[in-house]
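What follows is one structure encoded as structure tokens, with my remarks underneath.
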Amino acid sequence: MMTDWESDPILKALRNEFIDSLNARFQKLKKIELEISSLGVTEERLYSCQMIAHNIAGSAETYGFPVLTQVAAHLEDFLEYFSKQTPIVETLKFIGFFGDTLDSASKSRLDPIQILEEDQMKELIFVVGFLPD
Amino acid sequence: MTHKIDILLAEDDRQIARLVEFKLSREGFNVVIAQNGKEAIDLLGVRLWSLIILDVMMPICDGWEVLRTLRASLQPHIPVLMLTAKSYQQKDISNAAELGATEFLRKPFDPNDLASHVKRLVGI
């Protein structure tokens, strides 16, 4: 997707607003993750994570964050179709990874592909690649 | 004075809604945003829309319900562009076609693609 975000001050402001919203979503995700760890998994908590992932999957690439969309889309699919038969520790790992990706994008203001270290890239490829499309 | 083409956009994601509004208003369209399905239904009869853009997953009532209401109304022939998630299955696309959606655009979308769809649907 080729939008020149610097070409117009309104476009630039809209993108900045999107990036700023990532932190709020990261905080919400962290809160749910903590609730799951301490109070247990519920359908409502998993659904809340799924909706955060759904919204990011549907918008991030539009704003120039294609890898964020990919990770979010895989988490969304995982939570919808696979989480019930997966040990909770693995589900939490996936949610935590997505949260870290959101946090990185929020702080760096760049798509994860542009800022990940080599070992993080390997983990990303594993996470993004292990689920069928 | 040239009359602007009126488009109703039903989209609960604020960042996406504002980007679409910006892009389409730069193309010369007048965009009104509904933040959920109920607001969209309330706005259906407010003016003669040239196009309605509907996100599928919205709070209160979803895009399918808005589409169903529109097609049962006095303005059933307004073109409708559905914004669907990539994860939606073929049966959802078939369902939307049965309900009378004109076209689909999968999210995430390129704003330039959206503008092209819109221009084609309103005939410019």
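Because the structure is a prediction, the values reported are computed rather than measured. Quick note: numbers below take in every heavy atom, side chains included, and nothing from hydrogens, waters or symmetry partners. Order of the sequence lines fixes the chain letters, A, B, ..., with proteins taken first and strands second; residue numbering starts at 1 for each chain.
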Return the minimal non-hydrogen interatomic distance between [X] and [Y], and the atom names on each side.
X: Q15(B); Y: Y63(A); result: O-OH, 2.6 Å
X: H54(A); Y: A85(B); result: CE1-CB, 3.6 Å
X: P108(B); Y: S59(A); result: CB-N, 4.4 Å

| query | Is there a chain of hydrophobic side chains (I, L, V, M, F, W, Y, each step under 4.5 Å between heavy atoms) that links M58(B) to I60(B)? | reply |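 No; I60(B) is not reachable from M58(B) via cluster members.
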Supply the atom-to-atom distance [X] [atom1] to [Y] [atom2], rounded to the nearest 0.5 angstrom.
X: N55(A); Y: D12(B); atom1: CG; atom2: CG; result: 6.5 Å
X: D13(B); Y: F18(A); atom1: CG; atom2: CZ; result: 8.0 Å
X: R15(A); Y: L19(B); atom1: CZ; atom2: CG; result: 11.5 Å

| query | Could you go step by step and tell me if L11(A) and K23(B) meet the side-chain contact (heavy atoms from CB on, under 4.5 Å) rule? | reply | CA-CA 9 Å; L11(A) 268 183; K23(B) 183 68 183 172; over 6 Å; no
| Looking only at atom types and distance, does a side-chain atom of T62(A) sit under 3.5 Å from a main-chain N or O of F109(B), one as donor and one as acceptor? |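 A pair under 3.5 Å: yes.
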| query | Less than 4.0 Å between a side-chain N and a carboxylate O, is that true for E17(A) and R14(B)? | reply |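 Judged by the 4.0 Å cut-off on N to carboxylate O distance, R14(B) and E17(A) do form a salt bridge.
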| Residues of residues 20-27 of chain A with any heavy atom under 4.5 Å of a heavy atom in chain B |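 Heavy-atom contacts from residues 20-27 of chain A to chain B are S21(A), R25(A).
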| Heavy-atom count around K30(A) NZ within 6.0 Å, excluding the residue itself: above 12? |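 Yes, enclosed.
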| request: Report, by ascending residue number, the residues of residues 45-53 of chain B in heavy-atom contact with chain A at a distance under 4.5 Å; give 'none' if the set is empty. | output: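 Expected list: none.
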